[in-house]
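Heavy-atom basis, side chains included; hydrogens, waters and symmetry copies ignored. All residue numbers refer to positions in the sequence shown, counting from 1.
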Amino acid sequence: VVREEVPRTVPDHFHGAVVAQAQSVNTGGTIGGFGVVPIGRWAARFEGSGRASGDVSTPAGTLDNTDTRAFNLAAGIGRRIGTAHFGGSYRFFDSRYGIPDGAHEHHDGDDEEEEEEAHAHNVHVEMRRHSARAELDLHDVALFEEIEITGSYTNYTHREIEEGGEIGTEFFQDVAGLNVLARHGLL
């Protein structure tokens, strides 16, 4: 998916789009949109989406604890000076969904018991991610036609919450990256 979170050009006027969808198998819907607006010599981009759905309905009845909720927000700003471009962006994502009774397998580590045992209760999963990105593009620098420098940082949290509020699984991830790409002309 190409999002251009950090705008590369300044538009003449505001432009954007909004999309909405509905679903029936697990009554719910999605709405999302984005907009890019000029602010002087800068361009700002805003994006947001949300999704919510109830429990899945089957011919056998409702499958409890299969509801979902997700929320996404992003903002970015960029500027071009001559042939150079720079800017940054931030994205927030939050998602929660349920795993129904008996669908989440548990391994107790007992070597004598080969059989896998499913949870006899519901589990809720929560995921949250914060991401930041910075970009700098330079053109016609010494021997290089273009130099692209991109830095990024992501903080991720994952929790599986058992019935009664006890955290069954939890982990965190922090990832940082720096990419430098230099394109040269004919040598």
Side-chain angles (χ1 to χ4, degrees), residues 1-57 66-98 124-159 172-185:
V1 175
V2 177
R3 284 197 170 107
E4 199 172 294
E5 287 181 354
V6 178
R8 295 186 165 268
T9 60
V10 178
D12 294 333
H13 59 278
F14 171 83
H15 72 273
V18 175
V19 175
Q21 299 174 335
Q23 56 198 43
S24 60
V25 73
N26 56 343
T27 306
T30 303
I31 188 164
F34 81 95
V36 181
V37 61
I39 303 173
R41 295 181 181 188
W42 295 82
R45 183 180 193 282
F46 304 95
E47 176 185 324
S49 64
R51 177 176 188 236
S53 64
D55 291 330
V56 173
S57 298
T66 54
D67 59 312
T68 64
R69 182 186 65 75
F71 183 67
N72 179 56
L73 281 176
I77 191 161
R79 181 166 181 197
R80 181 169 294 282
I81 298 176
T83 60
H85 163 263
F86 63 96
S89 67
Y90 169 77
R91 177 173 295 277
F92 171 76
F93 175 76
D94 184 72
S95 175
R96 296 166 193 229
Y97 61 92
H124 289 296
V125 178
E126 295 180 353
M127 298 182 299
R128 180 169 284 179
R129 182 175 59 236
H130 298 271
S131 300
R133 177 182 181 92
E135 296 179 357
L136 172 63
D137 294 343
L138 304 169
H139 293 266
D140 300 321
V141 178
L143 298 174
F144 301 101
E145 290 181 357
E146 181 180 17
I147 299 174
E148 294 179 14
I149 303 169
T150 305
S152 62
Y153 172 77
T154 299
N155 170 270
Y156 176 75
T157 302
H158 180 100
R159 289 185 179 99
F172 309 94
Q173 232 179 14
D174 287 309
V175 178
L178 177 65
N179 295 317
V180 178
L181 175 63
R183 293 184 180 95
H184 62 82

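Residues A44 and P7 approach most closely at C-CG, 4.2 Å, considering heavy atoms. Listed here is the closest heavy atom pair of P38 and V10: CB-CG1, 3.8 Å.
Looking only at side-chain heavy atoms (C-beta outward), D137 and R80 stay at 4.5 Å or farther from each other. Proximity of V125 to M127: side-chain heavy atoms (C-beta onward) are separated by under 4.5 Å at one or more points. When side chains are defined from C-beta on, I149 counts as touching I147, because their heavy atoms get closer than 4.5 Å.
R133 meets the side chain to side chain donor-acceptor pair (under 3.5 Å) test with E135; sequence neighbours excluded. R96 pairs by the salt bridge (charged side-chain N to carboxylate O under 4.0 Å, His left out) definition with D94, E126, not counting sequence neighbours. Among residues two or more places apart in sequence or in another chain, the side chain to side chain donor-acceptor pair (under 3.5 Å) test is passed with T154 by S131. Annotation: side chain to side chain donor-acceptor pair (under 3.5 Å) contacts of N72 (sequence neighbours excluded): E47, R91. Take D55 and apply the salt bridge (charged side-chain N to carboxylate O under 4.0 Å, His left out) test, not counting sequence neighbours, and it matches no residue. In this structure F92 satisfies the ring-ring contact (aromatic ring centres under 6.0 Å, His included) test together with H130, sequence neighbours excluded. In this structure, the ring-ring contact (aromatic ring centres under 6.0 Å, His included) partners of H158, at least two apart in sequence or on a different chain, are F171. Residues forming a side chain to side chain donor-acceptor pair (under 3.5 Å) with T68 (at least two apart in sequence, or on another chain): S53. Remark: R41 engages no residue in a salt bridge (charged side-chain N to carboxylate O under 4.0 Å, His left out) (not counting sequence neighbours).
Interatomic distance, CG of N155 versus CZ of F172, reported as 9.0 Å (0.5 Å rounding). Rounded to the nearest 0.5 angstrom, S57 OG and N26 CG are separated by 7.5 Å. Within the model, atoms CG of D67 and NE2 of H124 stand 6.5 Å from one another, a figure rounded to the nearest 0.5 Å. Between the CG atom of L178 and the OG atom of S152 there is a distance of 8.5 Å, given to the nearest 0.5 Å.
Sequence neighbours left out, the pairs with a member in residues 138-151 that pass salt bridge (Lys or Arg N to Asp or Glu O under 4.0 Å) are E146-R183, E148-R183. Sequence neighbours left out, not one pair with a member in residues 3-33 passes ring pair (Phe, Tyr, Trp, His ring centres under 6.0 Å). Residues in residues 32-51 take part in these ring pair (Phe, Tyr, Trp, His ring centres under 6.0 Å) pairs, two or more places apart or across chains: W42-F86.
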Given side-chain contact (heavy atoms from CB on, under 4.5 Å), test N179 with L181 step by step and report yes or no. CA-CA 7 Å; N179 295 317; L181 175 63; over 6 Å; no

Test side-chain contact (heavy atoms from CB on, under 4.5 Å) applied to R128 and F71, step by step: CA-CA 10 Å; R128 180 169 284 179; F71 183 67; over 6 Å; no

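For the pair T66 (side chain) and V56 (backbone), a donor-acceptor distance under 3.5 Å is present.
Defined by atom type and a distance below 3.5 Å, a donor-acceptor pair is missing between the side-chain atoms of Y156 and D174.
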